[in-house]
*Asks:* 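The structure under discussion is supplied below as structure tokens; questions concerning it will follow.
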Amino acid sequence: MPRAQLIAGNWKMNKTVGESVALVKELMPRVTGLDNVEVAVCPPATALHAVGQALAGSAVALGGQDVFWADSGAFTGMMSPPMLRDVGCKYVIVGHSERRGRFGKPDESLGPEAMRVFGDTDASVNLKVKAALEHGLVPIMCVGETLPERDEGGADNTVADQVRAGLAGLSAKNVAGIVLAYEPVWAIGTGRACDGPEANRVIGVIRSTLRELFGPEVAASVCILYGGSVNDRNAHDLISQPEIDGALVGGASLDASRFAQIVQTASVIAKNTRKD
Ligand code: PGA
């Protein structure tokens with residue numbers, strides 16, 4: 001079976017409700033009929049419900065940007081998997097580097113105390129992935145190395161360790177239903193994307209880690225995205241790589257025409273190549 005191709009937009013902390021609905025209304029007609037690529041948008045929590053309603057009946061899927069592992073309870077500020085399901089989410093991003101407190105462009109004025117607000121660890125990512133799956137959400141689990149980790153030659157080990165820890169205790173069947181995203185931290189929001197062959201190589205490392213943990217069939221079937229400064233100009237170089245099954249797009253997903261162009265690029269690639 002050829003692997004699913006996905007282009008997902010991570011809007012991060014951008015767009016009011018009105019702006020969010022306007023953006024998807026502009027986006028939907030531009031991606032209609034491109035049915036060989038799945039498209040998803042992940043608006044801020046405040047806009048999920050309205051965007052879910054605006055997307056009803058369209059092929060564009062809705063995703064959350066984070067999730068907590070409990071169903072309900074005294075967890076101020078958190079959102080549960082059933083709540084995301086309730087507003088129509090299919091996907092949820094889990095373990096984004098920004099939620100792990102690992103930034104492509106760190107704010108040097110913030111000390112470690114302030115940074116504790118971004119508290120995800122491998123252990124919390126693992127709980128979130130499990131909770132999302134239990135409730136029928138597709139987690140998009142992000143992994144990626146920082147620049148110092150890369151400079152020290154540790155990129156491959158960092159991502160392999162994050163994959164092992166994030167997926168600990170899951171069955172092969174569960175893992176077959178998730179999406180992974182390789183997002184080198186140094187490429188996020190910096191305008192400096194990883195080049196296609198290197199992103200392809202690291203995603204190959206992720207796939208061989210999956211093979212070692214869950215067997216060759218699961219490793220061959222899991223959709224693995226690249227994320228980090230993807231735009232309408234570099235999308236082809238990245239998405240046409242054999243191991244790369246799509247993109248998680250930040251900045252360029254805030255503009256309907258740029259995002260739609262990335263989807264169109266992926267659709268042409270999916271038509272011409274078979275990745276499995
Ligand atoms: P960027 O963000 O495209 O703005 O670099 C990607 C991401 O964080 O998912």
Side-chain angles (χ1 to χ4, degrees), residues 5-15 19-20 23 27 37-45 47 61-67 89 91-107 115 117-118 120 125 128-129 132 138-147 149-150 155 158-159 162-163 166 178-196 198-199 202-203 206 223-239 241 244-263 265-266:
Q5 306 283 302
L6 170 66
I7 303 295
N10 174 9
W11 298 1
K12 307 192 181 184
M13 199 178 72
N14 294 289
K15 307 283 179 190
E19 289 164 350
S20 297
L23 176 52
L27 176 67
V37 175
E38 166 108 348
V39 182
V41 292
C42 305
L62 186 68
Q65 296 180 10
D66 192 18
V67 69
C89 285
Y91 293 98
V92 63
I93 299 170
V94 176
H96 189 281
S97 56
E98 288 156 8
R99 298 264 15 121
R100 296 177 192 249
R102 289 153 64 88
F103 285 83
K105 277 193 292 195
D107 182 341
M115 291 300 285
V117 73
F118 303 103
D120 258 335
V125 170
K128 291 176 176 189
V129 167
V138 178
I140 302 176
M141 189 182 95
C142 302
V143 298
E145 81 285 358
T146 60
L147 199 53
E149 286 164 349
R150 170 162 285 262
T158 299
V159 297
Q162 288 173 342
V163 168
I178 74 166
V179 173
L180 291 175
Y182 169 52
E183 298 212 308
V185 176
W186 48 270
I188 295 180
T190 57
R192 179 185 162 202
C194 188
D195 66 59
E198 174 59 8
V202 181
I203 291 179
I206 293 173
C223 172
I224 310 183
L225 312 178
Y226 166 79
S229 296
V230 176
N231 58 41
D232 37 321
R233 293 178 306 283
N234 61 21
H236 188 274
D237 174 46
L238 289 156
I239 302 167
Q241 301 290 330
I244 303 184
D245 302 319
L248 182 53
V249 185
S253 71
L254 299 173
D255 179 283
S257 102
R258 289 180 76 199
F259 187 61
Q261 234 173 300
I262 297 169
V263 176
T265 300

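Order of listing sets the numbers, starting from 1, for every ligand and every atom in it. Residues: numbered from 1 along the sequence shown. Computed from a prediction, not measured in an experiment: that's the story for all the values here.
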*Asks:* What's the shortest heavy-atom distance between Ala187 and Ser229, and which atoms?
*Replies:* O-OG, 2.6 Å

*Asks:* Tell me whether Gly189 has any N or O atom under 3.5 angstrom from an N or O of ligand 1.
*Replies:* yes

*Asks:* May I ask you to identify the nearest protein heavy atom to atom 9 (O) of ligand 1, giving residue, atom name and distance to one decimal place in Å?
*Replies:* Glu183 OE2, 2.7 Å

*Asks:* How does Ala187 reach ligand 1, by side chain, by backbone, by both or by neither, if only non-hydrogen atoms under 4.0 Å count?
*Replies:* backbone

*Asks:* Does the side chain of Leu6 reach to within under 4.5 Å of the side chain of Leu225, using non-hydrogen atoms?
*Replies:* yes

*Asks:* Where do Asp107 and Phe103 land on the side-chain contact (heavy atoms from CB on, under 4.5 Å) test, with the steps shown first?
*Replies:* CA-CA 8 Å; Asp107 182 341; Phe103 285 83; over 6 Å; no

*Asks:* With a cut-off of 4.0 Å, which atoms of ligand 1 are near a heavy atom of His96?
*Replies:* 7 (C), 8 (O), 9 (O)

*Asks:* Taking all atoms of both residues into account, what is the closest heavy-atom pair of Lys15 and Glu19, and its distance?
*Replies:* CA-OE1, 3.2 Å

*Asks:* Within the structure, is a non-hydrogen atom of Cys142 found at a distance of less than 4.0 Å from ligand 1?
*Replies:* no

*Asks:* For the pair Glu183 and Arg100, find out whether any cationic side-chain nitrogen is under 4.0 Å from an anionic carboxylate oxygen.
*Replies:* no

*Asks:* Is there at least one pair of N or O atoms, one from Gly251 and one from ligand 1, spaced under 3.5 Å apart?
*Replies:* yes

*Asks:* Is a donor on one side and an acceptor on the other found under 3.5 Å between the side chain of Glu198 and the backbone of Asp195?
*Replies:* no

*Asks:* Can you find an N or O of Gly250 that's nearer than 3.5 Å to an N or O of ligand 1?
*Replies:* yes

*Asks:* Less than 3.5 Å between some nitrogen or oxygen of Ser229 and one of ligand 1, yes or no?
*Replies:* yes

*Asks:* Considering only heavy atoms from C-beta outward, does the side chain of Ser253 approach that of Leu248 to under 4.5 Å?
*Replies:* no

*Asks:* For ligand 1, find out whether one of its N or O atoms is nearer than 3.5 Å to an N or O atom of Lys12.
*Replies:* yes

